[in-house]
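Working notes, structure below.
If you read the sequence from its start, that first residue is 1, and numbering goes on from there.
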Amino acid sequence: MTYKKNILLTSLLLALSACNQEDVKVDRPTTDAVQIKSTNTLMYLFADDTHHTATSVDYQSNSAIVKNENSVLNVQFQSKKNSYASIVFSPEKPWDWSEFNDFNLAFELANPGTHSVQIYLDISDIDGANYTRSVNVPVGGYNTYYAKLDGHDLATPDGKENVELNFTSGLRSNPDTWESDEVQFISMWGKKNLNLKGIAKIAISVQSTLHDKELAIKSISLRKNPQFNTAFLTKIVDEFGQNAKQEFAGKVHSEAELLSDKKQEATQLLSKRPTNRSRFGGWAEGPKLEATGYFRTAKYNDKWSLVDPDGYLYLATGIDIIRLANSTTLTGYDFDQALLAKPADAGVTPEDSKGLNQVNKEALKSRFVASQVRKNLFEWLPDYSDTLGKHFGYRKSAHSGPLEHGETYSFYAANLERKYGQNNADYMQKWREVTLDRMITWGFSSLGNWTDPSYYDNQKVPYFANGWIIGDFKTVSSGNDFWGAMPDVFDPEFTVRANETVSVVAKEVKNSPWAVGVFIDNEKSFGRPDSVKSHYGIVINTLGRDAKTVPTKAEFSRLMKEKYTDVAELNKVWHLNLASWAEFDKGVTIDIKNEEQLVDFSILLTAYADKYFSVVNAAMDKYLPNHMYLGARFPDWGMPIEVVKASAKYVDVISFNAYKEGLRDDKWAFLSQFDKPAIIGEFHVGSSDSGLFHPGLIHAANQQDRANMYTDYMNSVIDNPYFIGAHWFQYIDSPITGRAYDGENYNVGFISVTDRPYIEMIEAAKAMNESMYERRFKK
């Protein structure tokens with residue numbers, strides 16, 4: 001498919017000399033079609049229908065063996081030893097593609113290796129903006145993978161709008177806009193509408209894997225998009241919340257199938273653990289340590305472990321989000337805000353962690369279409385008066401998406417009523433019973449974070465409790481507050497709210513030995529690794545504020561006055577020209593000049609983190625003295641070493657959320673300096689063969705590959721002496737049209753929206769859970 005009259009990248013031909021890096025080997029090509037112009041130069045052949053012109057492109061390789069064979073670029077990513085391995089194409093002069101419209105960048109790719117490969121495609125422009133997409137290339141022959149650089153425009157009341165690249169649907173990734181056997185790159189993050197006047201760099205990378213990966217690149221092309229299917233966002237969801245336009249393994253076609261599932265699964269579920277497990281899921285055939293009546297940590301054979309209340313070694317495996325709170329999706333309808341019931345005190349539970357949050361009757365009559373695009377997604381929605389109308393809800397605010405608030409619906413909850421409602425007055429109780437039996441049958445030792453508190457009294461499967469510190473305390477900023485502003489931990493109100501949070505959790509837990517421990521907060525933006533400025537964002541941004549109104553700034557001022565005494569000494573180190581400490585207190589703009597400054601920034605960030613964790617730890621000691629404090633679940637994109645060190649002083653187990661293909665030893669070697677147990681609070685792998693439009697953050701080729709990657713990840717946890725478990729995120733697939741809070745529409749469940757387990761995942765979990773204690777502890 002030629003982009004007529006314009007540029008077409010028809011062939012990718014290599015002209016490289018060997019690089020100096022030890023882990024990079026580049027073979028000189030033998031083809032006569034390439035003229036070598038310089039060392040480390042990649043030759044593209046640009047062509048249209050009438051002529052050919054050659055252009056040289058700077059080539060960079062990081063941790064990859066690159067060979068050219070018969071005009072195919074073969075890349076062996078040395079990704080087992082290198083957490084980031086990439087090839088980068090950067091022209092001497094940025095490509096100007098601004099004259100093109102409605103076009104895509106396509107790659108002919110094959111995978112000659114033994115593992116599927118998730119590649120990240122980063123396209124950067126001359127303004128410094130970057131758009132990251134990703135795709136999984138399965139083991140096997142060539143297929144075409146494309147990324148849209150300019151999409152189809154639709155007429156809107158405000159003029160033309162690019163509905164694809166702006167994602168006005170609210171989905172993290174849209175359905176394809178034309179039918180083909182080709183594969184579209186999945187949108188991940190970054191600026192979607194790049195400056196096409198100057199494309200400065202194209203990079204293909206493999207990141208944080210456990211295996212070496214391979215890729216063959218046959219061609220790279222600029223292509224005109226095919227004819228646009230204008231109904232690509234119309235009636236894409238059926239009455240069960242599934243993909244209405246695609247057949248896939250496990251799709252439900254009738255309520256009779258749901259009832260058949262229930263009957264069949266009932267014959268397979270166990271209600272009691274096997275004899276080789278303790279009543280809590282510990283290793284009954286292993287050594288028995290001191291029994292304290294509650295969960296604790298201990299070292300055995302130089303490896304950290306949890307110990308269950310009866311004294312058995314215990315590893316925490318399980319699944320997050322066993323609740324309905326995240327099963328809702330925005331329908332496109334809204335209500336007159338003046339008629340909605342006034343929100344009550346938020347208490348200690350954010351809105352997205354509550355139930356359906358149903359609309360009050362007074363507001364129902366004002367229902368109107370707030371987003372026609374969202375409304376058109378659904379083949380079916382019930383009337384409020386229907387039996388299944390009870391599964392409507394309302395979102396007063398959303399983190400991201402096309403609507404700031406609006407009506408929601410839970411197809412999963414409706415399917416539970418369809419499936420378990422017959423002869424069961426309380427179908428939710430039946431669901432809880434089935435879920436607990438599933439966890440036992442699948443071998444999981446615990447219920448993960450964000451389990452509905454209605455499970456806390458189950459007495460069959462241990463659980464992890466959680467809480468959030470929310471309230472009217474003052475805030476500070478890291479400069480990139482992904483989930484929200486950071487608390488001003490030196491504001492006395494923060495301590496008040498922390499105590500309120502932990503006291504509420506204590507009432508839910510009721511001093512139960514079945515509670516493994518408590519997570520407080522999640523993925524706080526303590527700092528990012530992108531740069532020194534983002535690492536110390538809390539410090540730099542807070543220093544610019546007034547100590548009279550910002551308690552954390554007042555504490556930072558106190559610490560610097562204590563260290564330097566004379567402001568002139570601070571001026572020398574920080575390259576400032578302050579007349580007095582009063583000027584410093586009022587707020588200073590900081591430029592990073594030297595390492596001595598960074599020492600001070602580290603002191604201040606440590607002080608902030610120390611205060612945060614000490615406040616929560618004190619609340620835990622007061623209200624939950626018998627239960628472990630499990631930290632704040634650092635995201636792998638936000639774990640400054642100062643903050644991790646501070647947490648290690650106060651928590652019983654350090655917690656991390658790590659969306660990678662597994663735990664690499666080089667990534668986690670820093671844990672040796674704390675000698676503290678750690679746990680993974682979240683990870684997942686998804687695939688595009690499930691009917692959903694987005695596989696998630698980590699991509700597999702198919703459901704079996706997904707199960708294999710799950711096993712690899714869990715084995716990397718079990719083999720690491722510091723980690724005492726990991727929880728998969730999440731129990732149920734995201735809604736196909738995106739969860740109401742932020743549009744996540746991922747295939748990351750152990751079960752689908754119709755409550756059907758993914759058999760490959762279940763079998764992988766059974767095998768892993770059965771062998772994990774012997775794998776970790778037997779010599």
Side-chain angles (χ1 to χ4, degrees), residues 475-482 485-491 494 521 523-547 550-576 578 581 584-585 587-617 631-651 654-656 666-676 678:
T475 61
V476 296
S477 174
S478 68
N480 195 337
D481 306 324
F482 185 77
M486 294 293 289
D488 187 325
V489 295
F490 291 95
D491 181 353
F494 175 76
D521 284 333
E523 294 190 348
K524 306 296 288 183
S525 296
F526 286 107
R528 299 183 73 97
D530 311 352
S531 64
V532 171
K533 185 175 181 180
S534 60
H535 181 113
Y536 294 108
I538 288 175
V539 172
I540 294 170
N541 288 308
T542 303
L543 286 171
R545 300 179 66 186
D546 193 335
V550 182
T552 291
K553 170 59 184 298
E555 176 62 13
F556 286 177
S557 290
R558 186 190 70 80
L559 290 170
M560 291 299 94
K561 292 172 186 175
E562 184 178 82
K563 177 176 180 178
Y564 288 101
T565 308
D566 190 338
V567 74
E569 294 301 314
L570 179 73
N571 284 337
K572 291 178 184 178
V573 176
W574 287 23
H575 293 259
L576 299 175
L578 301 176
W581 281 112
F584 181 83
D585 290 346
V588 291
T589 300
I590 301 298
D591 290 325
I592 301 169
K593 299 291 187 180
N594 53 56
E595 290 294 329
E596 291 176 288
Q597 274 180 291
L598 299 186
V599 171
D600 290 339
F601 292 171
S602 182
I603 290 171
L604 299 179
L605 184 58
T606 297
Y608 176 88
D610 192 275
K611 182 67 172 180
Y612 172 87
F613 288 103
S614 65
V615 166
V616 180
N617 183 55
R633 297 157 53 90
F634 296 118
D636 52 24
W637 48 259
M639 37 189 269
I641 191 63
E642 295 91 345
V643 181
V644 179
K645 281 184 179 180
S647 77
K649 293 168 54 179
Y650 299 102
V651 304
I654 310 173
S655 53
F656 303 91
D666 54 354
K667 166 77 173 181
W668 299 96
F670 70 90
L671 290 175
S672 63
Q673 63 186 288
F674 310 129
D675 196 21
K676 199 92 174 182

For this session: Kindly indicate whether a cation-pi arrangement holds for K649 with F674, taking the cut-offs as under 6.0 Å to the six-membered ring centre and within 45° of the axis.
Result: no
For this session: Using the side-chain contact (heavy atoms from CB on, under 4.5 Å) rule, take K563 and I603 through it: C-alpha gap first, then chi angles, then the decisive distance, then the call.
Result: CA-CA 10 Å; K563 177 176 180 178; I603 290 171; 4.0 Å; yes
To check you understand the geometry: which heavy-atom pair defines the closest contact between [X] and [Y], and what is its length?
| X | Y | value |
| --- | --- | --- |
| M639 | V644 | O-CG2, 3.8 Å |
| A646 | A609 | CB-CB, 3.6 Å |
| P529 | S534 | C-OG, 4.2 Å |
| I538 | S525 | CD1-O, 3.9 Å |
| V539 | L605 | CG2-N, 3.6 Å |
| K553 | L543 | NZ-O, 3.0 Å |

Nearest 0.5 Å, please: how far is [atom2] in [Y] from [atom1] in [X]?
| X | Y | atom1 | atom2 | value |
| --- | --- | --- | --- | --- |
| M486 | Y608 | CE | OH | 4.0 Å |
| S477 | D488 | OG | CG | 12.0 Å |
| K533 | D591 | NZ | CG | 8.5 Å |
| W574 | Y564 | CH2 | OH | 7.0 Å |
| R545 | T552 | CZ | OG1 | 8.5 Å |
| M560 | L570 | CE | CG | 7.5 Å |

Would you say the side-chain atoms of [X] pair up with the backbone N or O of [Y], donor to acceptor, closer than 3.5 Å?
| X | Y | result |
| --- | --- | --- |
| N594 | V573 | yes |
| K645 | Q673 | no |
| W581 | T565 | yes |
| D481 | S478 | yes |
| K593 | H575 | no |

Exercise. Do V599 and E595 have side chains that get closer than 4.5 Å, going by heavy atoms?
Worked result: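 A side-chain contact is absent here, since even the closest heavy-atom pair is not under 4.5 Å.
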Problem set entry | I590 vs Q597 side-chain heavy atoms within contact, under 4.5 Å |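 Counting from C-beta outward, I590 and Q597 do come under 4.5 Å.
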Problem set entry | side-chain hydrogen bond (donor to acceptor under 3.5 Å, both in side chains): pairs with one or both residues in residues 632-642, sequence neighbours excluded |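 Every pair satisfying side-chain hydrogen bond (donor to acceptor under 3.5 Å, both in side chains) with a residue in residues 632-642: N522-R633, H535-E642, Y536-E642, S602-E642, R633-E682.
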For this session: For side-chain contact (heavy atoms from CB on, under 4.5 Å), just list the numbers for E555 and T542, CA-CA rounded to whole Å, side-chain angles, deciding distance to a tenth of an Å, and then say yes or no.
Result: CA-CA 10 Å; E555 176 62 13; T542 303; over 6 Å; no
For this session: Please list, chain by chain and in numerical order, all residues satisfying side-chain contact (heavy atoms from CB on, under 4.5 Å) with N617, sequence neighbours excluded.
Result: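 With neighbours one apart ignored, the set is D621, Y629, Y650.
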For this session: Might you work through the side-chain contact (heavy atoms from CB on, under 4.5 Å) test for I654 and F634, ending with a clear yes or no?
Result: CA-CA 8 Å; I654 310 173; F634 296 118; 4.0 Å; yes
Exercise. So, are K572 and D566 salt-bridged, with charged N and O less than 4.0 Å apart?
Worked result: no
Exercise. Going through the checks in order, is the side-chain hydrogen bond (donor to acceptor under 3.5 Å, both in side chains) test met by D610 and T606?
Worked result: CA-CA 6 Å; D610 192 275; T606 297; over 6 Å; no
For this session: Would you check, one step at a time, whether the test side-chain contact (heavy atoms from CB on, under 4.5 Å) holds for I540 with I592?
Result: CA-CA 9 Å; I540 294 170; I592 301 169; 4.0 Å; yes
